[in-house]
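Below you'll find the structure, written out as structure tokens, and then a few comments.
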Amino acid sequence: MKLIAHLALALLVSAPLACTVGCGDSNQPVDVLQGQSREDLDAQADAISAEFERSGEESDTPGPTAEEEAMNRS
């Protein structure tokens, strides 16, 4: 019975502490746009888009074979 009492006491003490440490301020929103103008964001978006298109053109991955295309259609 003493063991159960010690376990219950440990649970009551550690559970709120674990939640406080684990949760912290992680539920606060993060403003990722802070300090950036609309022009800066547009320039970043254009650069990312151009990089994505260029990486797609440089891809060495072959296209689907005729057999794969037929399987996709069915």
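All values derive from a computational prediction rather than experimental measurement.
- Between the CD atom of Glu67 and the CG atom of Asn72 there is a distance of 11.0 Å, given to the nearest 0.5 Å.
- One distance of note links CG of Asp40 with CZ of Arg38; it measures 11.5 Å at 0.5 Å rounding.
- Put simply, the side chain of Glu53 never gets that close to the backbone of Ala50: no donor and acceptor are under 3.5 Å apart.
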Stepwise, does the side-chain hydrogen bond (donor to acceptor under 3.5 Å, both in side chains) test hold for Asp46 with Ser49?
CA-CA 5 Å; Asp46 291 340; Ser49 177; over 6 Å; no
